[in-house]
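Encoded as structure tokens, the structure appears first; notes follow it.
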There are 2 protein chains.
Amino acid sequence: MKKTMDRRQRKSREAIFKAFIALLSEKNVNKITVEDIITRADVGRATFYAHFETKDFLLKELCEELFCHIFDSVDNNHSHRHIFECDAPDSVFLHLFTHLKKNDNNILELLSCQNNDLFLQYFKSGLYRLIESQHQLYKYSEKAKLPTDFWTNHIASTFVETVRWWINEKLQKSPEEINDYFLRAINA
Amino acid sequence: MKKTMDRRQRKSREAIFKAFIALLSEKNVNKITVEDIITRADVGRATFYAHFETKDFLLKELCEELFCHIFDSVDNNHSHRHIFECDAPDSVFLHLFTHLKKNDNNILELLSCQNNDLFLQYFKSGLYRLIESQHQLYKYSEKAKLPTDFWTNHIASTFVETVRWWINEKLQKSPEEINDYFLRAINA
DNA sequence: ATAATACTGAATAGAGTGTTCGATAGCATA
DNA sequence: TATGCTATCGAACACTCTATTCAGTATTAT
């Protein structure tokens, strides 16, 4: 989203996103029509198509906006730690759990709605890239003689499944506890 | 599927399944139309709706037909082992990997096509029930103080992800090797 | 104030869904 | 082989949804 965006554009775009998110927690993504969205968002039909080529593009852009924040914040945090030489190997995940619980952008609504698989998959692909860069995680995989990409995928999916379980439990556990579960599961 | 099914019904049903499977490996499930299916299957429109209420039902019944075999075979094998008191704790998974590689019903085509998430998720839900009944798997979870349902989900998803990785690698590894990877990953 | 541009609202063509029905052909049974 | 039963055909139908268009209106940046 460009900074120099017409206020009207921003408003329409935001209204569409907001309506779409609300609808996503109400019904299956395949059953949501453009009519539903524009009625809820209170914008004209032509406006919708001026912003998004199709519903699929809307979904894709929504995912990008949602997850760019969370991964950016990790990247910043990680580079800080690098600068200060404060090496806490697995705290990246604690950082992610904490960030999730803060629930910026109502990300939790989407990760717990009936369409959550959609978002968990998208989240996982972002995670995969992040994990690849965390070399200290691979000590165990070497010990267990597991291929690198197998291990990367294993960690990413275990993280996502931990989040899924956590959300199902209504986030009763603290980020520290759930991070502990996660680390025990991957036995790091 | 009832045994006493009219030959015409069987033929139509099979033709529809076959056409659907072929289409699934060509394009996204959402883009497949009833028109596509009946043209490929060479049956009338009314025939399709006589067999399946909607496309979603077709998909559901396809999944059931596909996975019932594989889980039934495990159940039989498991109860045999029970009778003969031959207790090989984790061989259920080796049995599953072996069964998958045999590729009955072209199950692998579906697990490796672009719609594989659909089938892997369905496969996982079947697995979940199976794992719940395998009590010997929970020794480690008790040691690591992890909740039962967390652990069940962890094993199920790790299995599914192992299968996913295996298929991506074109099934080059033997069932024994891949079972080994899986057991190392869950550290059982 | 002005020019640029985003939005509206209604109309439109086209694709896909799910149903209907009389006619036809295949099936099980006797 | 003749019988009734039932699955299929194929075409037509109403319906919903998609995606585009365009003239008129409102808002914005400068």
Side-chain angles (χ1 to χ4, degrees), chain A residues 1-65 113-115 117-118, chain B residues 1-65 113-115 117-118:
Chain A
M1 186 158 69
K2 280 188 277 184
K3 278 182 184 177
T4 52
M5 211 179 205
D6 193 310
R7 182 185 297 142
R8 290 168 297 180
Q9 283 191 47
R10 276 201 309 275
K11 276 180 155 178
S12 295
R13 194 181 161 90
E14 280 310 307
I16 291 170
F17 273 137
K18 208 173 166 186
F20 190 45
I21 290 171
L23 287 162
L24 278 167
S25 51
E26 285 172 26
K27 56 164 100 172
N28 187 285
V29 67
N30 299 314
K31 305 293 177 195
I32 298 172
T33 67
V34 174
E35 196 59 39
D36 290 336
I37 300 169
I38 63 176
T39 305
R40 186 78 63 109
D42 195 29
V43 299
R45 186 166 199 77
T47 306
F48 177 89
Y49 286 104
H51 282 270
F52 305 99
E53 203 174 330
T54 63
K55 254 190 318 175
D56 289 339
F57 280 83
L58 166 59
L59 183 61
K60 190 160 172 289
E61 292 195 31
L62 175 62
C63 285
E64 277 167 12
E65 289 219 356
C113 75
Q114 60 177 301
N115 299 289
D117 271 338
L118 216 57
Chain B
M1 185 157 69
K2 280 186 278 187
K3 278 182 183 177
T4 51
M5 210 178 204
D6 195 311
R7 183 185 297 143
R8 290 169 296 179
Q9 283 191 48
R10 274 201 311 274
K11 275 182 156 177
S12 295
R13 194 182 163 90
E14 280 310 309
I16 291 170
F17 273 136
K18 207 173 167 189
F20 189 47
I21 290 171
L23 286 163
L24 278 167
S25 52
E26 285 171 26
K27 56 164 101 175
N28 187 286
V29 67
N30 299 313
K31 305 293 176 195
I32 298 172
T33 67
V34 174
E35 197 59 41
D36 290 336
I37 299 169
I38 63 175
T39 305
R40 185 78 63 109
D42 195 27
V43 299
R45 186 168 197 74
T47 306
F48 177 90
Y49 285 104
H51 281 270
F52 305 100
E53 202 173 332
T54 63
K55 253 189 320 176
D56 289 339
F57 280 83
L58 167 59
L59 182 60
K60 190 160 171 290
E61 292 196 30
L62 175 62
C63 284
E64 277 166 13
E65 289 220 354
C113 74
Q114 61 176 301
N115 298 291
D117 270 337
L118 218 56

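Remember, it's a predicted structure, so these values are computed and weren't measured experimentally. Lettering of chains follows the sequences in order, A, B, ..., and the numbering in each one begins at 1.
If you measure from atom CD of A:Q9 to atom C1' of D:dA26, you get 15 Å, rounded to the nearest angstrom. B:R7 places its CZ atom 18 Å from the P atom of C:dA25, with the value rounded to the nearest Å. B:D6 has its CG atom 10 Å from the C1' atom of D:dC5, to the nearest Å. As rounded to whole Å, 7 Å separates atom P of C:dT8 from atom CG of A:D42. For the pair A:R10 CZ and D:dT28 C1', the computed distance is 11 Å after rounding to whole Å. Nucleotide D:dA7 holds its C1' atom 12 Å from the CD1 atom of B:I16, rounded to whole Å.
Checked against the 6.0 Å centroid threshold, A:F52 and A:F17 count as a close aromatic pair.
Looking at every heavy atom in both residues, A:S25 comes nearest to A:A22 through OG-O, 2.9 Å. Between B:R8 and B:D6, the closest heavy-atom pair is NH2-OD2, 2.8 Å.
How far CZ of A:R7 is from CZ of A:R10: 6.5 Å, rounded to the nearest 0.5 Å. The CD1 atom of A:I38 sits 8.5 Å away from atom OG1 of A:T47, with the distance rounded to the nearest 0.5 Å. Between atom CD of residue B:E26 and atom CD1 of residue B:I32 there is a gap of 8.5 Å, rounded to the nearest 0.5 Å. Annotation: the span from B:I37 atom CD1 to B:I16 atom CD1 amounts to 8.0 Å, rounded to 0.5 Å. Distance CD/A:E64 to CG/A:L59: 10.0 Å, rounded to 0.5 Å. If you take CZ on B:R13 and CD on B:E61, they are separated by 4.5 Å, rounding to the nearest 0.5 Å.
Residues from residues 21-37 of chain A placing a heavy atom under 4.0 Å of any atom in DNA chain C do not occur. Annotation: proximity of residues 43-61 of chain A to DNA chain D (heavy atom, distance under 4.0 Å) is found for A:R45, A:A46, A:Y49, A:T54, A:K55, numbered in ascending order.
Annotation: B:Q114, atom CD; neighbour count of heavy atoms from other residues, nucleotides and ligands within 6.0 Å is above 12.
Of the residues A:K55, A:K27, A:K31, A:R45, the one that meets the salt bridge (charged side-chain N to carboxylate O under 4.0 Å, His left out) test with A:D36 is A:K27.
Recorded end-axis angle for the helix from C:dA1-D:dT30 to C:dA30-D:dT1 stands at 50°, based on five pairs per end and rounded to 10 degrees.
Remark: the B:R8 side chain and the D:dT6 base include a donor-acceptor N/O pair separated by less than 3.5 Å.
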